[in-house]
Every structure is written in C-alpha cells, then in structure tokens.
Amino acid sequence: MSREPLLSADDAAPYAPERVRSAPLAADEDLALRPQRMEDMVGQRAVYERLRIAVDAARIRSEPLGHILLDGPPGLGKTTFATCIPRALDVSLQIASGAALAAPKDLLPYLTNAEEGSVLFIDEIHRLPKAVEEFMYPAMEDFRVDITLGEGVNARTVNLALRPFTIIGATTRSGLLSAPLRDRFQQREHLDFYDEAELQEIIRRNARKLRMTLDQGAAERIAACSRGTPRVANNRLRWVRDYATTKANGLASRDVAEAALGMLGVDAAGLDGQDRKYLETIMRVFHGGPVGVEAVAHTLNMAIDTLTDEVEPFLLRAELVVRTPRGRRLTAKGYQHLGALPPGDEPLPLFGS
Ligand code: ADP
C-alpha cells in the first residue's frame with residue numbers, strides 16, 4: 001500500500017512531493033524556495049484573501065476548515081497553498097496523490113489517521129478512481145465511512161466515525177472532476193498565471209535566498225521568460241545562477257541572464273523549444289489547424305496530458321493558439337511568433353517573378 005507518513009505541519013515541507021516535471025531542480029533547493037507561510041506567498045491576491053478569511057474563521061471558531069479545491073496549471077502554487085494552510089491552522093498534514101489511491105483501502109489509513117482539524121492534501125485529485133471517490137463522499141460530508149469486513153456471506157458493513165478533518169484537493173483538470181465530488185468542496189479556487197511584477201518579486205526574493213547577486217535587469221529578463229509560472233521562474237533563476245557562476249564571476253546582469261536563457265533555447269516571449277515545436281507542428285503539418293490535440297500529441301510523440309496540462313495553457317493564454325470546437329488553431333500572433341505570415345496574408349507574387 002502506498003501511503004506517506006503522518007506529518008506535523010512543521011515537518012511537512014521535507015515531504016512535499018517533487019514531481020517529475022520539477023526533476024531538473026535539486027529537491028532541497030526547491031524546498032528552500034517554497035514559501036513556508038501563506039503571507040510569504042506572492043500574488044494570487046483574491047485567492048489568498050478568501051483562503052485567509054476561511055482559515056482565520058476556522059481558527060477563531062476552533063472548527064475544521066471546509067474542504068478546498070485548488071485548480072490551475074502546474075507550478076502556480078497549489079501545493080504551496082496546501083502546505084501553508086495547515087501551518088496557519090497549526091494542524092498536521094498528510095499528503096496523498098490521486099494516482100496512488102487505487103482502491104478505498106488505500107485511502108482508509110489516511111482517513112483514520114487524520115487528527116481532529118488536520119488537513120489531508122490530495123494532489124491530482126482528478127485521477128481518483130470512481131470507487132475511491134464514492135468512498136470519500138460520506139467522509140467529506142459526515143466524517144464517516146462505510147467499511148466492509150469479511151467476505152461472501154460473512155461480509156458485514158461497519159459505519160466508522162472519523163475525526164473532523166479537511167481535504168484540500170489539487171487538480172490541473174477541474175473539468176475531469178465529477179459534479180458530486182466538486183460540489184463537496186465548500187471553497188473552489190482557480191489559480192491563474194502570475195504577472196511579470198509578481199514574478200520579479202518572487203525572483204528577487206529567491207535570489208536572496210540563493211545568495212545570488214542579481215540586478216534588476218536580470219530579474220526583469222527572467223520574469224519575462226517564465227511563462228507566468230513561479231516554478232519556471234525558479235528553474236530559470238537557478239540556471240542563470242549556474243551560468244553566472246561559471247561565466248560571469250557570479251554576477252547576474254541583464255546580459256548574463258539573456259545569454260543564459262538563450263543557451264536554454266528560451267526565446268524573448270519565454271517559449272522553449274518544446275513550445276515552438278508544438279506551434280510549428282500545427283503550422284507546418286496541419287496548415288495552421290484546426291487540429292485535434294491527439295493528432296498534435298502523436299505527431300510530437302508526446303503524452304496528451306503533458307501537452308494539455310503543461311504546454312498548452314500558457315500558449316492559449318498568450319493567444320498564440322486558440323481552442324475551437326474543431327480543435328487547436330494557430331492565431332495570427334502565433335504565426336508572427338514563428339516569423340511566418342498567416343494564410344491569406346502572404347504577399348502576392350510579383351509580376352514576372
Ligand atoms: P503546483 O502545486 O501548483 O504545481 P507548487 O505549489 O509546487 O505548484 O509551486 C511550485 C514552486 O513555485 C514552489 O516550490 C514555490 O517555490 C513557487 N511558488 C508557487 N507559488 C508561489 C507564490 N505564490 N509565491 C512564491 N513562490 C511560489
């Protein structure tokens with residue numbers, strides 16, 4: 001059975017799950033950069049204010065916080081909120097992943113271990129199998145679960161009381177959640193991309209944590225190239241630090257950041273090689289679309305989930321590509337980004353040429 005130990009809020013950070021997509025990061029450094037308190041989080045002000053009120057009210061009334069669903073693209077702070085909230089409440093935290101909870105028996109130990117008022121964070125909650133989801137409903141609503149003991153004619157169902165606790169679910173795909181599950185979360189919050197000023201603030205704070213000399217121009221350059229995503233900003237910052245250490249006596253100026261990011265293949269808009277390959281495939285192979293995402297994923301030899309969860313959200317938001325009922329279509333801005341002209345805008349051939 002895959003489950004992680006019960007953690008006190010203070011111990012939680014070292015166990016925060018590091019996903020494959022953050023593999024290039026040194027795990028302990030990533031932890032060093034993750035804000036430890038809600039008030040240290042930058043941006044997401046409206047979400048922060050609402051969660052703050054809910055957390056403070058739960059504290060004042062000494063009641064468990066209502067269940068919370070956080071959704072949004074990867075790297076925007078869902079896990080960070082989920083680890084900061086129990087700290088603010090001074091309660092323990094357990095961390096589970098939807099993909100690892102294959103059957104109700106996998107979830108049961110988390111439910112029975114949940115201390116009064118504690119938080120159970122379920123990452124990738126859209127990946128919970130239906131049977132686990134249904135098993136969770138009474139736990140979320142009435143803090144009770146029905147468990148079947150014995151088998152065949154000897155089987156009997158026991159109704160087990162749980163200590164009141166809070167589930168924080170995180171998902172990159174709230175659309176995949178069933179309506180009954182979604183409705184059981186009292187508070188549902190969507191995390192959006194960060195603006196450049198917020199990313200600069202994160203970059204400046206993290207440069208200090210990494211004891212790095214970074215000038216304002218470099219912070220601006222890295223922020224502009226971070227796809228609106230703090231995790232990407234942290235990755236880029238660390239790369240610029242390595243580059244500056246080896247090539248510029250440790251001093252990260254705008255030019256140094258520019259050269260370091262160029263070496264990664266990151267362009268002025270912050271797109272990397274994979275992003276450009278996606279746009280180019282739609283343009284060249286599918287004549288600008290519309291094209292189904294499955295066809296693009298197959299052509300790129302990529303998992304559809306990776307494409308829809310990690311590559312597309314920023315490109316859609318940057319209006320380089322649009323989603324239509326018939327599939328993805330490159331926009332005029334998308335063509336422009338690739339240095340091409342949209343069909344119909346090509347200059348007419350000159351007479352005699
Ligand atoms: P998600 O769970 O949404 O994939 P995380 O919470 O793991 O994203 O965030 C990735 C990293 O980005 C964190 O380790 C943290 O360093 C940084 N980060 C995320 N949100 C913020 C924020 N609001 N302020 C500062 N840093 C943040």
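Owing to the predicted nature of the structure, the values given are computational and were not obtained by experimental measurement. These numbers come from the heavy atoms of this one structure, side chains and all, not from hydrogens, waters or symmetry mates. Whatever order the structure lists them in is the order used to number ligands and atoms, beginning at 1.
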**Item:** Polar side-chain atom of K333 near backbone of V321 as donor-acceptor pair, under 3.5 Å
**Value:** no

**Complete:** In ligand 1, the atoms that come under 4.0 Å of a heavy atom of N234 are 12 (O), 15 (C), 16 (O), 17 (C)

**Request:** Please state which part of L191 comes within less than 4.0 Å of ligand 1, counting heavy atoms only: side chain, backbone, both or neither.
**Result:** neither

**Prompt:** Do ligand 1 and R231 have nitrogen or oxygen atoms that lie under 3.5 Å from each other?
**Reply:** yes

**Message:** Please check: side-chain N/O of T331 versus main-chain N/O of E319, any donor-acceptor pairing under 3.5 Å?
**Reply:** yes

**Message:** A269: which residues meet the side-chain contact (heavy atoms from CB on, under 4.5 Å) condition with it, sequence neighbours left out?
**Reply:** D267, L271, H337

**Asked** Which of the numbered atoms in ligand 1 are below 4.0 angstrom from a heavy atom of P74?
**Response** 4 (O)

**Salt bridge present between E49 and R52 (N-O < 4.0 angstrom)** = no

**Asked** Would you say G43 contacts ligand 1, with heavy atoms under 4.0 Å as the rule?
**Response** no

**Ion pair R127/E124, N-O distance below 4.0 Å** = yes

**Request:** Would you mind running through ligand 1 and noting each atom that sits below 4.0 Å from a heavy atom of Y194?
**Result:** 20 (N), 21 (C), 22 (C), 23 (N)

**Item:** Partner set under ring pair (Phe, Tyr, Trp, His ring centres under 6.0 Å) for Y335, not counting sequence neighbours
**Value:** none

**Request:** Show which atoms of ligand 1 fall inside a sub-4.0 Å distance from at least one heavy-atom site of T80.
**Result:** 5 (P), 6 (O), 9 (O), 13 (C), 19 (C)

